[in-house]
Amino acid sequence: MKIISINAGSSSLKFSLFNMTDESVIASGLFERIGIEGSKYTIKFNGEKISQEIELNTHTDAVKVLLDKLVDLGIIHSLDEIDGVGHRLVHGKDKYSESVIITDEVVEDLEKFKCFAPLHNPANILGINAFREVLPNVPMVGVFDTAFHQSMDATTYLYPVPYSWYQDYGVRKYGFHGTSHRYITNMVKNILGKDEFRLISCHIGNGGSITAVKDGKCVDTSMGFTPLAGIMMGTRSGDIDPSIIPYVMEQEGKNASEVIDDLNKKSGLFGISEYSSDMRDILERCDLQDEKAVIARDKYVRRVVDYIAQYYVLLGGADVIAFTAGVGENSIPVRRQICEELACLGVKIDLDQNNKRGEVVKISTDDSSIAVYVISTDEELMIARDTLDLINR
Ligand code: ADP
């Protein structure tokens, strides 16, 4: 069985082709600058990487080139080998709590919910329509970023604002990165060999969110109505006092969406350091005693620790803390600093283990009160698994 996982952006399309017999990646790649001058694709397979500039006016062009290349390069013999296509979909509101076979109704809902994810949902629809045109008979599955978080209860997902905002406009916490948190939850389930555990899953990359999981289900997550909420990120502020927004609008003569743009693109690590949104750059500057870089790093760590502490109480303790995504999987000093700030909870980091790399590494000592793991996330594989599962049903 071969399944393609697709992540369509407004001008890009990422893919991974899986052989589901052993869940290996046969090929993966990126089509970028779709509809913009200088469009190109990159395909990786068999340890090789090919890249070519090619005119791609629409997502359908990209899908046609992708499928042609898969055959031309001998990656597959014919398109009949593709058994299913799984799409990463961002916003399924509170209607979708699990992955679904894509039907007209799903596409209509994506359209209906686009005010909740104005950049992502329209791009997801482009991706779906492109595959519908080129591979009309292959089943497709939608995997929502919001789905895993739909198990939160009303006390958690409601904001303390007029109830009518929720009722009339859908103002509530939705949560994102659900596919990654679900993947980490499944990995922890396998590591512990049981279904009942309290997990704090820390997906910390350029974007970041922390999720509290009890017995396999999300009970709270740090992102909210949008992915701007929660911890501090590469360029996003995370939670701030909302009154800052009208104040800055007045000071800078900006409108609300311009200030929100600053909170999305000019804040976080980048905002405080005035240098970079990339943790590697920040850590380099910290080594040079750059004051703003040090504050940026420390504030980033503080916000992660704040959420872990909050979820520790919510879960009534924790069995596992898991780190994943760019910073979580790679940044040895950031993991160390977070764990050291959690010492009062009885967390003890094993510094040798923390230096190791791998799919799954336990970085806490045996006498740590909470087991701490680094686990590489794999949203594409999760999408492929859901796709296979649904088309087999
Ligand atoms: P996205 O949210 O865009 O998927 P990623 O999960 O790829 O982002 O994470 C990107 C972040 O991971 C960047 O801040 C980058 O600095 C950080 N990162 C990647 N490798 C390292 C490393 N070796 N040390 C520290 N940070 C790293």
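First listed ligand is number 1; within each ligand, the first listed atom is number 1.
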Would a distance-only check, ignoring hydrogens and angles, find a side-chain to backbone donor-acceptor pair under 3.5 Å from Arg236 to Pro227?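 Judged by distance alone, yes, a pair lies under 3.5 Å.
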
I'd like to know if Lys64 pairs up with Asp61 as an ion pair, taking the criterion as any Lys NZ or Arg NE/NH1/NH2 lying under 4.0 Å from an Asp or Glu carboxylate oxygen.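 Salt bridge between Lys64 and Asp61, a charged N being under 4.0 Å from a carboxylate O: no.
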
Report the relative orientation of the aromatic rings in His87 and Phe131; use parallel for angles under 30°, tilted for 30 to 60°, perpendicular for over 60°.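 It falls in the perpendicular class, over 60°.
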
With hydrogens left out, which residues have an atom under 4.0 Å from ligand 1, given that only heavy atoms count?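 Within the 4.0 Å shell of ligand 1, which is judged on heavy atoms, sit Gly205, Asn206, Gly207, Ser277, Asp278, Met279, Arg280, Ala325, Gly326, Val327, Asn330, Ser331.
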
Over all heavy atoms of both residues, which pair between Ile332 and Asn354 is shortest? Give the atoms and the distance, please.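 In terms of heavy atoms, the two residues are closest at O-ND2, 3.1 Å.
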
State, without any angle test, whether Ser16 and Ser28 hold a side-chain donor-acceptor pair at a distance under 3.5 Å.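 Result is no, nothing qualifies.
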
Residue of the set Arg297, Lys292, Glu291 for which side chain to side chain contact (heavy atoms under 4.5 Å, CB included) holds with Val294: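 Single pass found, and it is Arg297.
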
